[in-house]
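Working notes, structure below.
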Amino acid sequence: MATEQRALITGISGQDGSYLSELLLEKGYEVHGIVRRVAIEDPQHRLSRIQHLVDQIHLHAASLESYPSLMKVVSEVQPHEVYHLAAQSYVSYSFEDEFSTFAVNVNGTHYLLSICRDVAPKAKFYFAGSSEMFGSAPAPQNELTSFRPRSAYGISKVAGYHLTRNYREAYRLHASCGVLYNHESPRRGMEFVTRKISSLAAQIKLGLATEIRIGNPDAQRDWGHAREYVQAMWLMLQQEKPDDYVIATGETHSVREFLEAAFGFLGLDPYQYLVLDKRLVRPAEVDILQGDASKAHLRLGWSARTRFRQLVRDMVSSDLDFYSRIQREKMVGQSPAVVSVVAPIAVGQNALRPRSGR
Ligand code: G4F
């Protein structure tokens, strides 16, 4: 790269933020990230996914709920590229608190777009849209499919999508929206179903847990690997013209299939441990998501490589390594705070905590 590019990432401490930081550092970027002040004060726990990068990146304390704090960071950093990943990203929690989901996801996006227009109008802007925007729209979905969101989270992402499009059209911002389908990895938060399954499969295998509680096992999702999905984000901002892209594998699988594959890798029968728990069923479910990423393939040269079974295997084997190590070090039974230095561990099997960033 001729002159050093500066990138600013909101949600840098999440799964996607950590992979994106690694990618941008490899490409020679100066990487800046926005985190909440509590994270800077408690880095061991709240910055665990980027602990290996903290000496190479620049962290700034700000909040998506505070326009002045965002204004200060964007003005100081003067980024060439802005990746807006931070959100209240847990769909289930958005049923419990619609208002804070909107405050963070809609106002936060609006603040950031408005600030970029005013103080960094040449910055290229990426908005993390979501396949939840499609909701009950028939599969497969692509960029022309109408949105039919089924949660406050989905509605907040539709609002963010339209804000991004409007800033592109009205103010000529280079603003793009990635409509990303579910993307997972060993760094996925424990509150999402894939990591819940991989971690409990590993714990059951090691005798550290005895059951797994699941809500709706029949929901179908298009699950890809997060490391590949952040490459698509970067590619969108390298295009001459901003645009919106569906990013997906094109395959769909049920939660039940994930469960069977994960336990199967460990030689376990999931149905000996599965408890269907109505309390985990959402008031409105998105039954089937399956993306058609042809446009991204054609224009960005991007396509998903990691297939379903490989993704499940990677997550399960990573969790098996992790819990085996914990067991060896006799850390089980100690404070989960100590354990989460290594990986974020949910306290209890159904921890329904909101987490910022994916
Ligand atoms: O893993 P999930 O919580 O992910 P969800 O709701 O699909 O959302 C994720 O992907 C979106 C992209 O489409 C992102 F925008 C969003 O931020 C997030 O990353 O749930 C997946 C499915 C759902 O149908 C849910 O009802 O699994 C079902 N499920 C069944 N039992 C469960 C459980 N989900 C969770 N989290 N926990 C359960 O026990």
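Numbering of ligands and ligand atoms starts at 1, following listing order.
Using modelled atom types, one side-chain atom of E257 and one backbone atom of S254 make a donor-acceptor pair closer than 3.5 Å.
Under 4.0 Å from ligand 1, heavy atoms of V193 appear from its side chain as well as its backbone. Contacts with ligand 1 closer than 4.0 Å are made by backbone heavy atoms (N, CA, C, O) of L180 only, the side chain lying farther away. Residue contacts with ligand 1, taken as heavy atom pairs separated by less than 4.0 Å, involve R213 solely via the backbone atoms N, CA, C and O. With a 4.0 Å heavy-atom cut-off, ligand 1 is reached by no atom of H183.
In the vicinity of V91, heavy-atom distances shorter than 4.0 Å reach the ligand 1 atoms 6 (O), 8 (O). Residue contact check: L280 has heavy atoms under 4.0 Å from atoms 39 (O) of ligand 1. Atoms of ligand 1 found under 4.0 Å from any heavy atom of E191 (numbered from 1 in listed order, with element): 35 (C), 36 (N). Residue-ligand proximity, K196 to ligand 1, at heavy-atom distances under 4.0 Å covers atoms 38 (C), 39 (O). The distance from ligand 1 to the heavy atoms of Y90 drops below 4.0 Å at these ligand atoms: 3 (O), 36 (N). Residue R188 approaches ligand 1 through these ligand atoms, each under 4.0 Å from one of its heavy atoms: 9 (C), 18 (C), 19 (O). Close approach of ligand 1 to E285 (heavy-atom distance below 4.0 Å) involves ligand atoms 23 (C), 24 (O), 25 (C), 26 (O). In summary, the atoms of ligand 1 found under 4.0 Å from a heavy atom of S89, numbered by their order in the structure, are 16 (C), 17 (O), 18 (C).
Considering only non-hydrogen atoms, atom 13 (O) of ligand 1 lies nearest to S131 out of S131, S92, S254, A128. When R195, R282, Q15 are ranked by how near their heavy atoms come to atom 6 (O) of ligand 1, first place goes to R282.
Classification of the Y19-H225 ring pair by plane angle, with boundaries at 30° and 60°, yields perpendicular. Note: F127 and H84 have tilted aromatic rings, judged against thresholds of 30 and 60 degrees for the angle between ring planes. The aromatic rings of H32 and H58 sit parallel, their planes meeting at an angle under 30°, below the 60° perpendicular limit.
Remark: I57 pairs with I12, L25, V31, I50, L53, L59 by the side chain to side chain contact (heavy atoms under 4.5 Å, CB included) rule, at least two apart or across chains.
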Check: Given D218 and R256, is the salt bridge (Lys or Arg N to Asp or Glu O under 4.0 Å) satisfied, shown in steps?
Finding: CA-CA 6 Å; D218 298 315; R256 191 184 294 281; 3.2 Å; yes

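Ligand 1 has no N or O atom lying under 3.5 Å from any N or O atom of I214, backbone or side chain. Looking at ligand 1, you'll find an N or O of R221 within less than 3.5 Å of one of its N or O atoms.
Ring centroid separation for the pair Y153 and F95 does not come in under the 6.0 Å cut-off. The ring of W302 has its center closer than 6.0 angstrom to the ring center of Y229.
Salt bridge K196/E191: absent, no basic N to carboxylate O contact under 4.0 Å.
For the side chain to side chain contact (heavy atoms under 4.5 Å, CB included) test with L300, the passing option among Q238, K295, M236 is M236; the others fail.
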